[in-house]
Amino acid sequence: MASTPTPLQTLDQRFHLHPFTDHDAMHAQGTRVIVSGSGVFLQDAQGRQLLDGLAGLWCVNVGYGRAEITDAVAAQMRQLAYYPSFFNSTTEPAIRLAARLASLAPPRVQHTIFCNSGSEANESALKIIRGYWKLRGQPQRTKILSREFSYHGVTLATTSMTGLPSCSAPFDLPLPGFLHVPAPHAYAADRESDPVAYGKWCIEETARVIEREGADTIAAMFVEPVQGAGGVIPPPAGYLAALRALCREHGILFVADEVITAFGRVGDWFASNLWELDPDLISLAKGLTSGYLPLGATMVSDEIADVLLHHGYFAHGFTYSGHPTTCAAALANLDIIENDGLIPRVRTNLGPYFQEKLRAFAGHPSVGEVRGTGLIGALELVPRGGKAALTPTMMLGIKAAALARQEGVIVRGIRDIVAVAPPLTITREETDQLFDAVGKALDRLED
Ligand SMILES: Cc1ncc(COP(=O)(O)O)c(C=O)c1O
């Protein structure tokens, strides 16, 4: 340990398994215990204030400490803390939230089944898709396409879709039938000088995979409109429209995994609206409650819903599908996004400002590429010798994130990437503070 562990750190070390963590390395430093939050700021157990440039885990869209959500949750809990949506029953918040989502989503996607996380939203989508094709008389359509560098969750099937070997290799995944096609990550392919051409090549390669496998064996393609955890990869111009058209041409269902991109981060309620993706299904979580309570959702097109609704018993769902308290939290959260005008704010004000500040790093000697849109962005870091001198073990992003934390801000290190996605409520001054700290961290990177 860096210093004598506190009683809480000792308990944590003895009893608590953390997600996605090297436990020995963590406990050598002492677990960071976060105790409170307000706006974009967190306070840790040592009383240190940190600006949260990652909105928790890309999710606290409305910022911390919003009494509107805690009040709604408390009121719902006092009235009816829980009742399932099984047994031909449900509760008012679940109904109202499904209707609210329908009013915000693309017009063809109007039906929602709830769950508890992004992984479950995608897992539910996978099962719905499988059931749909069986009911449609095409049970051979079982294969699933996703992209390299994608992140779709951690269940067996969603890990199989996730295109990150660091997530799948430890578990000998993917399962059979999960196919990965290239992502439009031009920088990783050394094609950064022409991302649009590289995006076109990705589409051609995806078409070749469809041809090779046989289109009528492929059930669906899962797509994050902006790939997040894989390194913040926004789509190059024309790429998503071409991918959508390719799927449609072959009758392959198109699933927008909007777990990060929905609810304002890219300047719209849904990236699917912004970029006219016309998806068949949408996966949601994170910003749906701004992380105040765990809630996921799978939205499906009217056509899919029609098949599911009129073929008898629908054998899927969780104890907490449509949990009234989490749905009440979501409704209050959506009210805040709407009443505070967070979406136009991201689209026309804070988003452009954030991107301008991010792009100011383009000339920095430690930065090889800057990417982003709305309130999500990434810096690809390079050593002094430039991109050619990078090695897989450098992990410059992880190092830079640790330095940024010493400078008072939380950002995410992914391989050699620094990823930033603050609450949508961040002010210009706080944005300056965030990037000033990132700048100081980059200046110290090679010390
Ligand atoms: C795009 C995307 N899909 C799915 C997930 C999985 O969500 P969860 O961690 O809530 O299971 C994530 C989580 O980061 C995500 O970013």
Side-chain angles (χ1 to χ4, degrees), residues 17-21 52 54-61 113-127 144-164 166-168 171 173-174 178 180 183-185 220-235 240 254-266 270-272 275 277 279 281-299 318 320-321 323 326 329-330 333 372-378 410-414 417 419-421:
L17 285 176
H18 291 232
F20 283 101
T21 295
D52 186 1
L54 195 66
L57 202 41
W58 334 83
C59 57
V60 187
N61 288 12
I113 180 159
F114 293 108
C115 57
N116 308 287
S117 68
S119 299
E120 287 180 3
N122 282 327
E123 186 79 26
S124 297
L126 282 165
K127 279 184 71 187
I144 299 292
L145 294 181
S146 62
R147 297 173 300 166
E148 290 161 1
F149 297 103
S150 65
Y151 188 85
H152 296 294
V154 294
T155 61
L156 275 180
T158 58
T159 303
S160 297
M161 288 202 287
T162 290
L164 298 168
S166 58
C167 295
S168 50
F171 307 100
L173 294 169
F178 288 87
H180 293 100
H185 190 1
M221 173 149 199
F222 282 65
V223 176
E224 297 163 84
V226 177
Q227 295 184 244
V232 183
I233 308 161
L240 282 177
F254 188 88
V255 187
D257 179 348
E258 294 230 33
V259 167
I260 289 180
T261 52
F263 309 113
R265 184 146 308 280
V266 297
F270 293 87
S272 293
W275 292 323
L277 300 182
L281 298 94
I282 304 178
S283 304
L284 300 169
K286 295 193 188 278
L288 176 54
T289 58
S290 285
Y292 278 61
L293 285 173
L295 179 62
T298 308
M299 300 191 73
F318 303 93
Y320 300 134
S321 294
H323 191 298
T326 58
N333 173 61
T373 183
L375 272 192
I376 184 167
I410 299 174
V411 294
R412 178 150 183 197
I414 305 169
I417 299 163
V420 200

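Positions are given from 1 along the sequence. Order of listing sets the numbers, starting from 1, for every ligand and every atom in it.
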For ligand 1, which atoms, with element, lie under 4.0 Å from some heavy atom of Lys286? 12 (C), 13 (C), 14 (O), 16 (O)

Counting heavy atoms under 4.0 Å, the part of Glu258 that contacts ligand 1 is neither

Only heavy atoms of His152, strictly under 4.0 Å: list the atoms of ligand 1 that pass. 3 (N), 4 (C)

Under 4.0 Å from one or more heavy atoms of Asp257, ligand 1 contributes atoms 1 (C), 2 (C), 3 (N), 4 (C)

Would you mind telling me if ligand 1 is within reach of the side chain of Leu57, the backbone, both or neither, using heavy atoms under 4.0 Å? neither

Strictly under 6.0 Å, is that where the ring centroids of Phe222 and Phe254 end up? no

Minimum heavy-atom distance between Ile414 and Gly228, given as atom pair plus value: CD1-O, 4.2 Å

Identity and distance of the protein heavy atom lying nearest atom 9 (O) of ligand 1: Ser119 OG, 4.4 Å

Between Trp58 and ligand 1, is there a nitrogen or oxygen pair with a distance under 3.5 Å? no

Can you list the ligand 1 atoms lying under 4.0 Å from a non-hydrogen atom of Gly118? 6 (C), 7 (O), 8 (P), 10 (O), 11 (O)

Under 4.0 Å from any heavy atom of Glu224, which atoms of ligand 1 are there? 1 (C)

Atom indices of ligand 1, in the order listed, that fall short of 4.0 Å to a heavy atom of Ile260: 16 (O)

Measure across Arg147 and Glu224 and return the closest heavy-atom pair with its distance rounded to 0.1 Å. NH2-O, 2.8 Å

Taking Gly163's backbone N and O only, do any of them form a donor-acceptor pair with Ser150's side chain (distance below 3.5 Å, no angle check)? yes

Which of the atoms in ligand 1, numbered in the order shown and given with their element, are less than 4.0 Å from a heavy-atom of Asn122? 3 (N), 4 (C)

Test item: Asn61 side-chain N/O and Arg265 main-chain N/O as donor-acceptor pair under 3.5 Å: no

Name all residues meeting the side-chain hydrogen bond (donor to acceptor under 3.5 Å, both in side chains) criterion together with Asp257; count only those two or more places apart in sequence or in a different chain, and write none if there are none. Asn122, His152

Give the atom numbers and elements of ligand 1 that come within less than 4.0 Å of a heavy atom of Ser117. 10 (O), 11 (O)

Please state which protein non-hydrogen atom is closest to atom 2 (C) of ligand 1 and give its distance, to 0.1 Å? Tyr151 O, 3.3 Å

Tell me whether Glu123 contacts the main-chain N or O of Thr155 through its side chain, where contact means a donor paired with an acceptor under 3.5 Å. no

Considering all heavy atoms of both residues, which atom of Ala378 and which atom of Ile417 are nearest to each other, and what is their separation? CB-CG2, 3.7 Å

Contacts of Thr289 that satisfy side-chain hydrogen bond (donor to acceptor under 3.5 Å, both in side chains) - sequence neighbours left out: none

